[in-house]
Each structure stands twice: as C-alpha cells, then as structure tokens.
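A short write-up of the structure that comes next.
Only this structure's heavy atoms are used, side chains among them; waters, hydrogens and symmetry mates stay out. Predicted model only: the values in this text are computed from it and were never measured.
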Amino acid sequence: MKLRITPLNFATTFFIVAAAYIWIYGAHIAGRPLESWSSTIGWIFILFAFVVFFLDLIFRNFFAELKKLWIVELCFIILVTIIFFLVK
C-alpha cells in the first residue's frame, strides 16, 4: 500500500492533537477555564477526527490521482471553512 499524504490527513492530525491538548490542559475560553466541559469538547474533537478520516477514505476511493485528490480535498476544506464563517 502506497502512503499518500493529503490535506485531510493534516486535518485529522490537528483534531487529534487538539483533543489531546484539551484533555491534558483543559479548555479555556477568554481566559476562563471550563473544567466541566473539557472532556466533552475533547470527545467532540475526536468525533471530528473520525469523520474527517472517513471522508478522506471516501475521497481516496473516488479520486485515484494524487493531484486531483489534493485539489478536491482542499476545495472541501475551503468550502467547510466558508460555511463555518457564514453560520458563525
């Protein structure tokens, strides 16, 4: 099996690292600690990591070429970011 690094691999890694950081140091919003929500926020990041990992597997099955895969995944990340900021 050939190792292919894609943008969604980086996103999955970011979510796992963020979850680990929140579990170790706790969640802080505007300098105020959220002791009771740290575990919940950590689990949410793990859920995001699982979803992004699953999407990466789906995209890999549809796009065999690495260049097309990178373009599609980057467009997906940009689209999700735009939707996030519009909803926010």
Side-chain angles (χ1 to χ4, degrees):
M1 187 168 119
K2 202 173 181 182
L3 177 66
R4 295 191 296 179
I5 297 176
T6 61
L8 289 181
N9 289 124
F10 293 119
T12 303
T13 305
F14 168 76
F15 286 131
I16 292 173
V17 168
Y21 180 84
I22 288 172
W23 273 326
I24 293 170
Y25 295 109
H28 300 280
I29 296 176
R32 198 174 105 220
L34 299 170
E35 290 89 10
S36 62
W37 285 94
S38 293
S39 177
T40 304
I41 294 171
W43 280 111
I44 289 171
F45 276 113
I46 292 295
L47 176 67
F48 287 165
F50 177 75
V51 169
V52 170
F53 174 74
F54 186 70
L55 281 171
D56 185 41
L57 290 177
I58 290 172
F59 284 143
R60 284 174 189 247
N61 285 333
F62 282 118
F63 303 100
E65 243 180 82
L66 189 61
K67 184 177 178 180
K68 287 182 184 178
L69 182 65
W70 266 78
I71 292 170
V72 168
E73 288 188 1
L74 284 174
C75 289
F76 175 77
I77 291 171
I78 291 169
L79 177 69
V80 168
T81 305
I82 290 171
I83 291 172
F84 172 77
F85 284 122
L86 285 175
V87 170
K88 186 178 178 181

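Considering Lys68, Glu73, Lys67 as possible partners of Ile71, the one that fulfils the side chain to side chain contact (heavy atoms under 4.5 Å, CB included) test is Lys67.
Of all the heavy atoms in Ala19 and Gly42, the pair that sits closest is CB-O, 3.5 Å. Counting all heavy atoms, side chain and backbone alike, Ser38 lies closest to Ile22 at O-CG2, 3.4 Å.
Within 6.0 Å of CZ in Phe53 there are 12 or fewer heavy atoms belonging to other residues, nucleotides or ligands. For Ile5, the CD1 atom counts as loosely surrounded, since its 6.0 Å shell holds 12 or fewer non-hydrogen atoms of other residues, nucleotides or ligands.
In this structure, Leu47 is not a member of the same hydrophobic cluster as Trp23, with clusters built from ILVMFWY side-chain heavy atoms closer than 4.5 Å. Under a hydrophobic clustering in which Ile, Leu, Val, Met, Phe, Trp and Tyr are joined whenever their side-chain heavy atoms come within less than 4.5 Å, directly or via other members, Phe62 and Phe54 fall into the same cluster. If you chain together hydrophobic residues whose side chains sit under 4.5 Å apart, Ile41 and Phe84 never meet in one group. Under a hydrophobic-cluster definition in which Ile, Leu, Val, Met, Phe, Trp and Tyr are linked whenever side-chain heavy atoms come within less than 4.5 Å, directly or via other members, Ile58 and Val52 are assigned to the same cluster. Put simply, Trp43 and Phe15 are part of two different groups of oily side chains (I, L, V, M, F, W, Y) that touch within less than 4.5 Å, one to the next.
To the nearest 0.5 Å, the span separating CZ on Phe10 from CG on Asp56 amounts to 11.0 Å. Going from atom OG1 of Thr81 over to atom CD1 of Ile77 covers 7.0 Å, rounded to the nearest 0.5 Å.
In this structure, a donor-acceptor pair under 3.5 Å is absent between the side chains of Asn9 and Thr12.
Residues Phe59 and Thr6 are not in side-chain contact: their nearest non-hydrogen atoms beyond the backbone lie 4.5 Å or more apart.
Counting Ile, Leu, Val, Met, Phe, Trp and Tyr side chains that sit under 4.5 Å apart, directly or through other members, Leu86 shares a hydrophobic cluster with Ile78, Ile82.
When atom types are taken as modelled, the side chain of Arg4 and the backbone of Leu69 share no donor-acceptor pair closer than 3.5 angstrom.
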Show your reasoning for whether side-chain contact (heavy atoms from CB on, under 4.5 Å) applies to Leu8 and Phe76.
CA-CA 9 Å; Leu8 289 181; Phe76 175 77; 4.3 Å; yes

